[in-house]
Amino acid sequence: MRSQRKYTVVVAGCGKRGLHHAEAFQKNGRFEIVGLCDINPERLAGAAQQFGNPATSQDAGPLLRLTKPDVFCFCTLPSLRREMIRLGVEVGASLIAYEKPIALSTNEALEIMRLTREAGVKTVVSHQHRYGDHYQKVKQLIASGALGRVHTVYGTATGWMMHMMTHLIDYTRWFNDNAEAEWVVGQAAGKGKFSDNHPSPDYVAGIVQYSNGVRGLVECGEGAPDVPEVEAWWRKCRLGAQGTEGFAEVLTGGGWRAVARDSGGVISGPGNMDYAHDMPPYVQQIADWLDDPARVHPCNGENAYKGFEIMMAICRSVVQRGKVKLPLSAGEPELAALARALPD
Ligand SMILES: NC(=O)c1ccc[n+]([C@@H]2O[C@H](COP(=O)([O-])OP(=O)(O)OC[C@H]3O[C@@H](n4cnc5c(N)ncnc54)[C@H](O)[C@@H]3O)[C@@H](O)[C@H]2O)c1
């Protein structure tokens, strides 16, 4: 019998994404927001008013110890991950939901995975664009076999690495049935974005060899291809698959298109990334996984780690040159090594 009890939730970080999450939890009906946290008192007060005045604090630790939620959701900037994970594990949360990227280095990501695996805490990472109807259509075309044998999956974005690259890798891995990556080769350029709150090289490109023989191509940042069909700059992302009998691709802000076996030419349809559309199923599948351990969330942390590992291997390849084999073990923090290796 599946339990239908409500799961309690604390949301930390009440900025753009924290509010998206809180809204989706509140509207779902299977969750009760019992605490909100932000270091910014105005944001915290505004969120508390919006979400039924639960307990609030500017410090996640005491709030978590007070409320002991089933779900700890944090939506802070990328510099704040390991400590939040540690707090969630310490108070015995069943599931931690957090934002991409999962960390800023392999060392930090390995520590996060160790903490959560040892404690048996489920994790979910917000690569939620996949719920878009246009993303689903491309996945469905690939899975139907209508492209023949898929040999290449690709993703580009004009946004920079720590914002966009794990999105690109996560969805193209999904198009390729989450095959393991064997090795990657990477190249990067430009140091302007290392001082950003999503620190990254200005441009980065990677080639991924997947264990099923499929080639992955991924590219983002300044100099990645424009997607002229899409006006919204952050949505200039093109992700797709090529097979022996056609191709299918999604533009984050511009629908999908394909040529497939028996399609009789180009077929296409609409679609635009929309948080209001994509967050409800993402949150519903959190309830599903908590209800039933067999219903593993598609955005589970193990998958997110695989994508993050590919991104970090690309960075290591820039520094070390040549092919970097996966899995990665601990090593020099990738961003510092990159910043040193790239010319001014
Ligand atoms: N999945 C997506 O589609 C998507 C889209 C945009 C952003 N993001 C990611 O979401 C994350 C957050 O981005 P955002 O745009 O919501 O940022 P934001 O700046 O709007 O919100 C971050 C909030 O965290 C708060 N904060 C900082 N330190 C804190 C602490 N110690 N405890 C509690 N709160 C703290 C800040 O005051 C701020 O309100 C980033 O990792 C970003 O990459 C994901």
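Whatever order the structure lists them in is the order used to number ligands and atoms, beginning at 1.
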Enter the distance from L326:CG to E182:CD here, rounded to the nearest 0.5 Å.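 These two atoms lie 9.5 Å from each other.
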How far does CG of L63 sit from OG of S57, to the nearest 0.5 angstrom?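 Nearest 0.5 Å value for the CG-OG distance: 5.5 Å.
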Could you tell me whether H163 and W234 have their ring centroids closer than 6.0 angstrom?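 Ring centroids of H163 and W234 are less than 6.0 Å from each other.
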Indicate the atoms forming the closest heavy-atom contact of L104 with L335, along with that distance.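 Scanning both residues, the minimum pair turns out to be O-CD1, 3.8 Å.
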Return the orientation label for the Y7 and F31 ring planes: parallel under 30°, perpendicular over 60°, tilted otherwise.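 Rings of Y7 and F31: tilted, 30 to 60°.
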Does ligand 1 have any N/O pairs with the protein under 3.5 Å, and how far apart?
residue  : atom   : partner : partner atom : Å
ligand 1 : 1 (N)  : E99     : OE1          : 3.2
ligand 1 : 1 (N)  : S126    : O            : 3.0
ligand 1 : 1 (N)  : Q128    : OE1          : 3.0
ligand 1 : 3 (O)  : Q128    : NE2          : 2.9
ligand 1 : 3 (O)  : H129    : NE2          : 3.4
ligand 1 : 16 (O) : K16     : N            : 3.4
ligand 1 : 16 (O) : R17     : N            : 2.8
ligand 1 : 20 (O) : K16     : N            : 3.0
ligand 1 : 37 (O) : D38     : OD1          : 2.6
ligand 1 : 39 (O) : D38     : OD1          : 3.4
ligand 1 : 39 (O) : D38     : OD2          : 2.6
ligand 1 : 39 (O) : R43     : NH1          : 2.5
ligand 1 : 41 (O) : T76     : O            : 3.4
ligand 1 : 41 (O) : R81     : NH2          : 2.8
ligand 1 : 41 (O) : K100    : O            : 3.0
ligand 1 : 43 (O) : K100    : O            : 3.3
ligand 1 : 43 (O) : K100    : NZ           : 2.8
ligand 1 : 43 (O) : H198    : NE2          : 2.6

Using a distance-only test with no angle check, is there a side-chain donor-acceptor pair under 3.5 angstrom linking N107 and E111?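 Side chains of N107 and E111: no pair found under 3.5 Å.
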